[in-house]
Structure formats: C-alpha cells, structure tokens
2 protein chains.
Amino acid sequence: MEDIIAKLREHGIGLTPQRIAVAQVVLRDRSHWSADEVWQLVQQRLPTVSRATVYNNLNLFVAKHLLKEQILQGGHVVFDSCVEPHHHFLDEQTGQIHDVPWEAVRVETHDALGDFEVRDYQVIMRGRRRNH
Amino acid sequence: MEDIIAKLREHGIGLTPQRIAVAQVVLRDRSHWSADEVWQLVQQRLPTVSRATVYNNLNLFVAKHLLKEQILQGGHVVFDSCVEPHHHFLDEQTGQIHDVPWEAVRVETHDALGDFEVRDYQVIMRGRRRNH
DNA sequence: ATCTCAAATTATACTATATCTAAATTTAAA
DNA sequence: TTTAAATTTAGATATAGTATAATTTGAGAT
C-alpha cells in the first residue's frame with residue numbers, strides 16, 4: 001500500500017481511494033489490463049466505484065506515465081504497467097500479446113524514409129510461441 | 001466499374017450491389033478508411049445499405065486480402081487498400097498515419113527472442129513529418 | 001423459363017467500449 | 001473550519017462492432 005502511494009506521488013498523481021484501488025490492480029503482476037477487467041477487480045475492493053472513474057484514472061495514469069496504453073489486435077485497448085520501451089509479440093494461435101525486450105530487436109532506417117523524423121518506434125511481431 | 005468487378009472476382013468475392021459500392025469507395029485514391037467513413041460514402045450511392053453490411057463486407061475484403069486492417073492510435077480501426085507489406089509512420093502532431101515502404105526499414109532479431117517464432121512483423125514509427 | 005431450396009448476404013436490433021455532462025462529494029490548502 | 005478546485009458518481013450519449021432475423025442469391029430440377 002505504501003509503495004503504491006509513493007508511486008502515485010512520484011508521478012504527480014493526487015490520492016483518492018479510487019486511484020489507490022486502481023493502481024493496486026494494475027501495478028500487480030500481470031502487465032496488460034483491459035479497462036473492464038480493472039473495473040471488475042476494483043469493484044471488489046470498492047463496490048461504489050463507477051466505470052467512468054476507472055476509465056478516467058487509467059487514462060490519467062497513462063498521461064502521467066505510470067502506465068502505457070497498448071493496442072491489441074482488433075483495436076482493443078489495454079493498459080501496460082511496463083512503461084520501459086519494449087516491443088510486442090502477438091501469438092496468432094492464442095491471441096496473447098507478449099512483451100519483448102527492447103534489445104532483442106534492432107531496427108535500422110534508411111534514406112527512403114525521406115520526410116519522416118522518427119522519434120520513437122516499436123516493432124510488432126506476429127507468429128507463434130513454441131510450446132513450453 | 002468493370003475494374004472493380006474484376007477485382008472482386010479475382011479475390012473470390014461474390015457480387016452484390018452493396019459490395020460493389022463498398023469496393024468503389026475503398027479502392028479509390030485514399031488508402032485508409034474508417035468503417036463509418038465508408039458507410040457514409042456508400043450511403044450516397046445506396047441509401048438503404050446498412051452499417052452491418054458495410055462492416056461485414058470490409059471484414060470480408062480483409063479476409064480475402066483485398067484490404068488490410070490497420071489499427072491506429074487509440075485503437076481505431078481503418079481499412080487500408082495497400083495490401084503490400086509496409087510499415088507505418090504516425091505523425092504525432094497531426095495524428096495522421098502514413099505508409100512507409102517496406103525496404104525503408106530493416107529489422108534484425110536476436111536470440112533474446114527465445115520462444116517466439118516470428119512469421120511477420122511491422123514497425124510502427126512515431127515522430128513528425130517535416131514541413132512540405 | 002420457372003420453381004425450389006439451401007447457402008449467402010443484408011438489414012434490424014442489440015451489445016461492447018469509451019466518453020461526456022451535471023450534480024454530488026472529496027481533497028488539499030489556507 | 002472554510003473554500004475553491006479536483007474528483008467521483010450516475011446517467012446519458014458517442015463510437016464501434018456484432019448477433020439474429022429477414023431477404024437475396026445461385027444452382028439444380030422441372
């Protein structure tokens with residue numbers, strides 16, 4: 001709980017019970033959360049929390065760089081607690097998205113880019129994950 | 001009109017007035033179309049066309065490789081008449097997405113990928129486009 | 001040419017996701 | 001304690017997409 005509070009403060013986010021509850025959910029182990037998943041879990045701790053509040057706070061956390069918004073296949077939005085740069089691997093069989101370490105992929109661009117000044121990039125890979 | 005019909009046939013798509021109208025819109029000059037944009041334009045030619053029909057046919061065209069589905073920032077889905085492999089550049093100032101030639105970017109992967117067998121990839125670049 | 005019928009396709013109605021609005025409540029500073 | 005600003009709530013609305021019922025298509029039989 002103290003960790004969470006410290007983290008919110010570090011990111012310039014004011015404290016409310018709703019925000020603490022949302023942060024407790026999204027900063028847990030799993031790294032990709034849909035808004036509705038978060039809402040359902042937060043409701044267990046705070047039954048009166050409204051859906052709009054969850055959405056508002058998730059988007060605030062993105063704006064304050066506590067989370068990153070990621071787009072899955074089909075346009076579904078999830079919130080990612082890993083804000084460090086990383087790439088994504090989409091397992092086409094399971095539909096699962098996995099984080100790939102930044103250094104695992106090297107990207108070089110050529111002059112053919114022309115007018116585009118690249119500030120940031122991310123590689124989306126598709127394929128399958130070998131059986132464990 | 002004949003071009004459109006030939007194209008639909010090549011891709012194994014049966015002919016209906018609705019499909020011809022949708023194809024006429026999306027195979028025009030601009031390369032990224034939202035479903036609702038398509039619907040509005042198609043309605044001008046076929047006022048009874050339903051939204052579901054437009055969605056159904058856009059998704060069919062993707063399935064038959066006449067179009068490619070692309071996900072924009074925020075999870076918005078657009079349909080792209082350029083089905084050749086290409087990368088994307090998102091202009092952060094205008095929110096516009098631009099196609100980048102495949103060869104303009106080279107990607108190498110390393111062992112750190114581990115379990116992931118990459119079949120396909122795409123690079124999403126962000127930045128700005130120099131003034132014209 | 002016409003009819004039949006199953007499959008394909010479209011339209012109607014419904015659902016999912018996300019955001020807006022105004023009122024109510026809480027926060028944080030004085 | 002007060003107060004202004006921030007935040008949440010509850011309900012409505014916007015955006016996007018889909019399920020199901022209705023209609024059309026296409027092939028084969030007559």
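Throughout, protein chains are lettered first and strands after them, A, B, ... in sequence-line order, and every chain is numbered starting at 1.
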Please tabulate the protein-to-nucleotide N/O contacts below 3.5 Å involving nucleotides 10-15 of chain D, giving atom names and distances.
none

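Counting only heavy atoms from C-beta outward, the side chains of Glu84(A) and Lys68(A) never approach each other to under 4.5 Å. Looking at heavy atoms from C-beta onward, His86(B) lies in side-chain contact with Gln70(B) at the 4.5 angstrom threshold. Between Val123(B) and Phe89(B), every side-chain heavy-atom pair lies at or beyond the 4.5 Å cut-off.
At whole-Å resolution of the value, CG in Leu46(A) and P in dT7(D) are 16 Å apart. In this entry the distance linking CD1 of Ile13(B) with P of dT25(D) reads 17 Å, nearest Å. Put simply, CG on Asn57(A) is 15 Å from P on dA18(C), counting in whole angstrom units. Atom CZ of Arg9(A) and atom C1' of dA28(C) are 11 Å apart (whole Å). Look at CZ on Phe79(B): it is 10 Å from C1' on dA16(D), rounded to the nearest Å. Across the protein-nucleic acid pair, Lys64(A) atom NZ and dA6(D) atom P stand 11 Å apart, rounded to whole Å. Going from atom CH2 of Trp39(A) over to atom C1' of dT9(D) covers 12 Å, rounded to whole Å. Atom CG of Leu60(B) is separated from atom C1' of dT18(D) by 16 Å (rounded to the nearest Å).
A donor-acceptor contact shorter than 3.5 Å links the side chain of Arg19(A) to the backbone of Gly14(A).
Atom-to-atom distance recorded for Arg106(A):CZ and Arg106(B):CZ is 10.0 Å, nearest 0.5 angstrom. Summarising the geometry, atom CD1 belonging to Ile20(A) is positioned 4.5 Å from atom CD1 belonging to Ile5(A); distances are rounded to the nearest 0.5 Å.
Around atom CZ of Arg119(B), more than 12 heavy atoms belonging to other residues, nucleotides or ligands sit under 6.0 Å away.
At dT26(C), none of the side-chain N or O atoms of Gln18(A) fall inside 4.0 Å of OP1 or OP2 (strictly under the cut-off). Phosphate proximity of dG17(D) to Asn59(B): absent, as no side-chain N or O sits under 4.0 Å from OP1 or OP2. Between Tyr55(B) and dG17(D) there is a side-chain polar atom (N or O) within less than 4.0 angstrom of OP1 or OP2.
Projected onto DNA chain D by closest heavy-atom contact, Gly14(B) and Gly75(B) fall at different nucleotides, the more 5' of which corresponds to Gly75(B). For the pair Arg19(B) and Gly74(B), both in contact range of DNA chain C, the more 5′-proximal nearest nucleotide belongs to Arg19(B).
Picking from dA18(C), dT25(D), dA28(C) the nucleotide with the shortest atom distance to the side chain of Leu15(A) gives dA28(C).
Base contact: Thr53(B) has a heavy atom under 4.0 Å from a base atom.
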